[in-house]
Amino acid sequence: MSQPTIMSSTSPLKKIIHAMRAIERGDYDPILLQDFLQESGDLGQLAKMVDTMASTISQRNVQLNLLNKVIPIGVSLSAEKDFNRLLESLVVEAQAFTNADAGSLYLVEEDKLRFVILRNTSLNMHMGGTSGSPIAFKPIRMYNEDGSENRSNVVSHAALTHQRIMIADAYEAEGFDFSGTKSFDEQTRYRSKSFLTIPLENKDGKVMGVLQLINAKDPKTGEIVAFEADLVLEALILLATAALDGYIREAALRSEIAKLRIEVDQSRRAKQVDEITETQFFRDLTTRAKEMRSKGKK
């Protein structure tokens with residue numbers, strides 16, 4: 001009777017099996033096979049096959065997410081005719097994809113960034129959008145009083161530089177002023193930690209606003225973790241930005257049309273007045289009115 005094969009937990013085959021199970025769970029990391037990928041023997045070839053399979057599955061999952069989640073969301077955003085709901089949906093969907101506890105959206109108005117959406121799940125806080133609760137926070141200035149760029153604030157920095165900013169812990173970050181964030185945390189007993197700040201550019205490369213996501217959570221443990229680059233999120237941001245840009249352009253066009261109509265109506269009314277005042281009847285009426293006023297004075 002043959003004896004069962006017992007594998008040590010540190011054996012190469014055991015590590016490869018562990019990597020394959022990680023692929024099944026969806027949390028594979030190439031570091032699991034780093035000790036074998038450079039080998040030229042059978043073990044190295046097997047490790048490379050497993051690593052390639054994991055990469056293929058990952059790419060397929062991204063494509064499935066694009067087809068099943070992102071594209072339908074992009075279509076619904078493009079069809080949204082309520083501006084507040086559009087802005088709110090952008091933040092809600094970005095939070096869902098990154099498992100972020102909080103999210104804010106700012107729109108550029110002249111040289112300032114105005115809060116338009118603020119959501120925080122843990123604090124049950126919903127401001128702006130369709131919430132009916134106005135946002136009391138002041139706009140963020142993009143330029144200081146001396147005309148220099150305000151790069152101390154992470155939101156204005158992202159808008160000015162067109163750069164995406166990831167911060168693992170705001171309390172330990174250097175180069176940015178998080179005094180406002182710390183004041184908010186002190187008042188609400190919250191702890192703002194990881195940040196992802198994304199400038200939203202239109203097709204002309206102009207920044208329309210900034211999306212900020214706060215406190216990414218590990219889906220399994222609930223622990224606050226750093227944000228990571230995500231192709232699905234990239235696609236969502238592109239589609240959402242296109243929808244926002246389209247809405248703003250359409251609104252601007254409607255405004256121009258309304259303005260043109262007013263100008264045409266005013267021009268039409270002025271022409272009608274001129275036509276009336278130039279008639280012989282109007283002239284006779286004016287003459288009679290002058291005569292009656294003259295008699296009345298006498």
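- Between Leu200 and Leu105, some side-chain heavy-atom pair lies under the 4.5 Å cut-off.
- Counting all heavy atoms, side chain and backbone alike, Ser133 lies closest to His126 at CB-O, 3.7 Å.
- Here the side chains of Thr181 and Ile214 are not in contact, with every heavy-atom distance at 4.5 Å or above.
- Ile117 and Phe195 sit in two unconnected hydrophobic clusters of ILVMFWY residues. Membership requires side-chain heavy atoms under 4.5 Å apart, directly or through other members.
- The CG atom of Leu239 sits 10.5 Å away from atom CG of Leu90, with the distance rounded to the nearest 0.5 Å.
- Follow the hydrophobic side-chain contacts under 4.5 Å out from Ile198 and you reach Leu86 in the same cluster.
- In this structure, CD on Glu201 lies 12.0 Å from CD1 on Ile237, to the nearest 0.5 angstrom.
- Partners of Glu149 by side chain to side chain contact (heavy atoms under 4.5 Å, CB included), not counting sequence neighbours, listed by chain and number: Tyr143, Arg151, Leu160.
- Sorted by first then second residue, the salt bridge (Lys or Arg N to Asp or Glu O under 4.0 Å) pairs that include residues 202-212, not counting sequence neighbours, are Asp204-Arg249.
- Residues Ile140 and Met208 are members of separate hydrophobic clusters, defined by side-chain heavy-atom contacts under 4.5 angstrom among Ile, Leu, Val, Met, Phe, Trp and Tyr.
- Contact record, Gly103 with Gln95: N-CD, 4.0 Å, taken as the closest heavy-atom pair.
- Between Arg119 atom CZ and Ser131 atom OG the span is 9.0 Å, to the nearest 0.5 Å.
- With sequence neighbours left out, Arg141 forms a side-chain hydrogen bond (donor to acceptor under 3.5 Å, both in side chains) with no residue at all.
- Put simply, the side chain of Leu244 reaches to within 4.5 Å of the side chain of Leu107, judged on heavy atoms.
- Ser122 is linked by a side-chain hydrogen bond (donor to acceptor under 3.5 Å, both in side chains) to Asp101, counting only residues two or more places apart in sequence or in another chain.
- For the atom pair Lys138 NZ and Ile135 CD1, the distance stands at 15.5 Å (nearest 0.5 Å).
- Under the rule for a side-chain hydrogen bond (donor to acceptor under 3.5 Å, both in side chains), the partners of Asp177 that lie at least two apart in sequence or sit in another chain are Ser179.
- A donor-acceptor contact shorter than 3.5 Å links the side chain of Thr161 to the backbone of His157.
- Legend: residues meeting side chain to side chain contact (heavy atoms under 4.5 Å, CB included) with Arg191, ordered by chain and number and at least two apart, are Asp169, Tyr171, Lys193.
- Applying the side chain to side chain contact (heavy atoms under 4.5 Å, CB included) rule to Ala159 yields the partners Leu113, Met142, Val207, Val210; only residues at least two apart in sequence or on another chain are considered.
- Atoms CD and OG1, on Glu93 and Thr98 in that order, are 11.0 Å from each other to the nearest 0.5 Å.
- Taken together through direct or relayed side-chain contacts under 4.5 Å among Ile, Leu, Val, Met, Phe, Trp and Tyr, Phe83 and Leu211 form part of one hydrophobic cluster.
- In this structure, OG on Ser194 lies 10.0 Å from CE on Met166, to the nearest 0.5 angstrom.
- Ser192 is linked by a side-chain hydrogen bond (donor to acceptor under 3.5 Å, both in side chains) to Asp185, counting only residues two or more places apart in sequence or in another chain.
- The two residues Lys217 and Asn99 make their nearest non-hydrogen contact at O-ND2, 2.7 Å.
- No donor-acceptor distance shorter than 3.5 angstrom exists from the side chain of Asn144 to the backbone of Gly147, with no hydrogens or angles considered.
- When side chains are defined from C-beta on, Val91 does not count as touching Leu118, because their heavy atoms never get closer than 4.5 Å.
- Taking the side chain to side chain contact (heavy atoms under 4.5 Å, CB included) definition, one finds that Val154 meets it with Ile165, Ile167, Phe176, Phe178, Thr197, Gln212, sequence neighbours left out.
- Residues meeting the ring-ring contact (aromatic ring centres under 6.0 Å, His included) test with Phe137, sequence neighbours left out: Phe115.
- The salt bridge (charged side-chain N to carboxylate O under 4.0 Å, His left out) check on Arg164 picks up Glu234, with sequence neighbours excluded.
- Linking Ile, Leu, Val, Met, Phe, Trp and Tyr whenever their side-chain heavy atoms come within less than 4.5 Å leaves Tyr106 and Leu213 in two separate clusters.
- Residues passing the ring-ring contact (aromatic ring centres under 6.0 Å, His included) test with Phe184: none are found, sequence neighbours excluded.
- Closest of all the heavy-atom pairs between Glu88 and Gly128 is OE2-O, 3.9 Å.
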